[in-house]
Amino acid sequence: MEDAWIFVFSLVDGMGLLFLCVYFIITLSDLECDYINATTCCSRLNRCILPELIAHTVQTGLMLISWHWFLLLLNLPLAAFQSYRYFTVPSGNIGVYDPVEIHNHRQLKSMTKECLIKLGYHLVLFFAYLYSLIQALLS
C-alpha cells in the first residue's frame, strides 16, 4: 500500500511539473511574439527553475528510496540535466534564463524546443506513474 501513496505523490508532482512546462512554453512564446519583454520573461522563468528542480529531485529520490529502479532510471537523466543547468550558470547572468543572451544565436528557439522535449518527457513519466499506481492498487 505504501507504493500506492508514493505513486499518488509522484502523480501529483508530475502534474505540477507538466504545468510548469506548459507555463515555460507559454512564457517563451509570449516573448517570441513580443507580448512581454525579455527582462519580464526571464524573471518569470528564473523564479520557477528552483521549484522545478526540487520537485523533480524529490520525485527521483522517492523512486530511489522505494526501489523502483526502472522509474529511477527514467527520472535520472532529466534530473541530472536540470541540476547541471542550475549549478553552471555563467557569471554575470541573472539566472538560467538571461535577458541579454536570450535573443542571441537562436537561443530562444532552442529553449522552446528544450521545454517541448521536457513536456514530452514529463508526459511519458506521468503515464508511467499512472500505470504503476494502477498496478500497485490492483496487487
Side-chain angles (χ1 to χ4, degrees):
M1 189 62 180
E2 64 274 349
D3 279 349
W5 288 109
I6 288 172
F7 292 128
V8 166
F9 178 77
S10 293
L11 217 58
V12 171
D13 197 20
M15 283 188 281
L17 288 169
L18 282 170
F19 170 76
L20 278 176
C21 284
V22 170
Y23 177 73
F24 277 25
I25 291 168
I26 290 171
T27 306
L28 287 171
S29 67
D30 283 351
L31 176 64
E32 190 175 9
C33 295
D34 287 331
Y35 293 137
I36 58 175
N37 62 13
T39 306
T40 305
C41 174
C42 292
S43 67
R44 287 179 185 175
L45 295 178
N46 285 329
R47 207 174 333 158
C48 297
I49 292 289
L50 188 59
E52 180 185 20
L53 178 64
I54 290 171
H56 197 77
T57 305
V58 166
Q59 215 173 37
T60 306
L62 276 176
M63 295 305 124
L64 177 65
I65 291 170
S66 63
W67 299 94
H68 295 287
W69 294 106
F70 180 70
L71 293 174
L72 173 69
L73 290 176
L74 281 177
N75 273 314
L76 216 51
L78 186 59
F81 175 71
Q82 287 178 336
S83 299
Y84 172 76
R85 280 198 55 214
Y86 182 74
F87 291 114
T88 59
V89 173
S91 61
N93 288 8
I94 64 167
V96 174
Y97 297 96
D98 190 49
V100 176
E101 294 183 1
I102 199 158
H103 290 295
N104 292 346
H105 305 292
R106 297 226 172 258
Q107 194 172 9
L108 184 59
K109 289 285 187 191
S110 67
M111 288 180 180
T112 306
K113 286 179 188 175
E114 175 188 312
C115 288
L116 286 170
I117 290 169
K118 283 196 312 189
L119 179 69
Y121 198 82
H122 285 305
L123 207 57
V124 168
L125 286 175
F126 178 80
F127 285 112
Y129 294 140
L130 185 63
Y131 174 78
S132 299
L133 174 65
I134 292 169
Q135 188 178 23
L137 289 175
L138 291 178
S139 64

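Remember, it's a predicted structure, so these values are computed and weren't measured experimentally.
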- Gap separating the CG atom of L64 from the OG1 atom of T57, nearest 0.5 angstrom: 12.0 Å

- Out of curiosity, does V100 fall in the hydrophobic cluster containing M111 (side-chain heavy atoms, cut-off under 4.5 Å, transitive links)? no

- Item | Worked verdict on V22 versus L18 for side-chain contact (heavy atoms from CB on, under 4.5 Å) | CA-CA 6 Å; V22 170; L18 282 170; 5.7 Å; no

- Does Y35 offer a backbone N or O that forms a donor-acceptor pair with the side chain of D30 under 3.5 Å? no

- Query: Which value, rounded to the nearest 0.5 Å, describes the distance between S83 atom OG and L53 atom CG?
  - Reply: 4.5 Å

- Task: Hey, can you tell me if F19 and Y23 have their rings parallel, tilted or perpendicular (30° and 60° cut-offs)?
- Result: parallel

- Test item: I6 and M63 side chains (from C-beta on) under 4.5 Å apart, heavy atoms: yes

- May I ask you to decide if H56's main-chain N or O and D13's side chain share a donor-acceptor pair within less than 3.5 Å? no

Donor-acceptor contacts under 3.5 Å from residues 116-128 side chains, at least two apart:
{"from": "K118", "atom 1": "NZ", "to": "E52", "atom 2": "OE1", "distance (Å)": "3.4"}
{"from": "K118", "atom 1": "NZ", "to": "E52", "atom 2": "OE2", "distance (Å)": "3.1"}
{"from": "Y121", "atom 1": "OH", "to": "L74", "atom 2": "O", "distance (Å)": "2.1"}

- Query: Are V89 and D98 close enough, and set up right, to give a side-chain contact (heavy atoms from CB on, under 4.5 Å), and what steps lead you there?
  - Reply: CA-CA 10 Å; V89 173; D98 190 49; over 6 Å; no

- Gap separating the CD atom of E101 from the SG atom of C42, nearest 0.5 angstrom: 9.5 Å

- Smallest heavy-atom separation, A136 atom then D3 atom, equals CB-CB, 4.2 Å

- Message: Exactly one of C115, C41, S29 should register a side chain to side chain contact (heavy atoms under 4.5 Å, CB included) with F24. Which one does?
- Response: C115

- Item | Sub-4.5 Å side-chain heavy-atom contact between L78 and T60 | no

- Item | Rounded distance (nearest 0.5 Å) linking atom CG of L28 with atom CD of E32 | 8.5 Å

- Side-chain contact test, heavy atoms from C-beta onward, threshold under 4.5 Å: evaluate it for L71 versus F7 and give yes or no. yes

- Could you state whether L45 and F87 fall into the same hydrophobic cluster, counting links through intermediate Ile, Leu, Val, Met, Phe, Trp or Tyr residues with side-chain heavy atoms under 4.5 angstrom apart? yes

- Task: Find out if a path of hydrophobic residues (ILVMFWY) with successive side-chain heavy-atom gaps under 4.5 Å connects L62 to F70.
- Result: yes

- Message: Rounded to the nearest 0.5 Å, what separates atom CZ in R106 from atom OG1 in T112?
- Response: 11.0 Å

- Under a 4.5 Å side-chain heavy-atom rule over Ile, Leu, Val, Met, Phe, Trp and Tyr, are M15 and Y131 clustered together? no

- Item | Any L17 side-chain heavy atom under 4.5 Å of Q59 side chain | yes

- Closest heavy-atom contact between L31 and N37? CD1-C, 3.7 Å

- Item | Heavy-atom side-chain proximity of T27 to I36 below 4.5 angstrom | yes

- Should W69 and I65 be counted in the same cluster of Ile, Leu, Val, Met, Phe, Trp and Tyr side chains packed under 4.5 Å apart? no

- What distance separates S10 OG from L133 CG, expressed to the nearest 0.5 Å? 9.5 Å

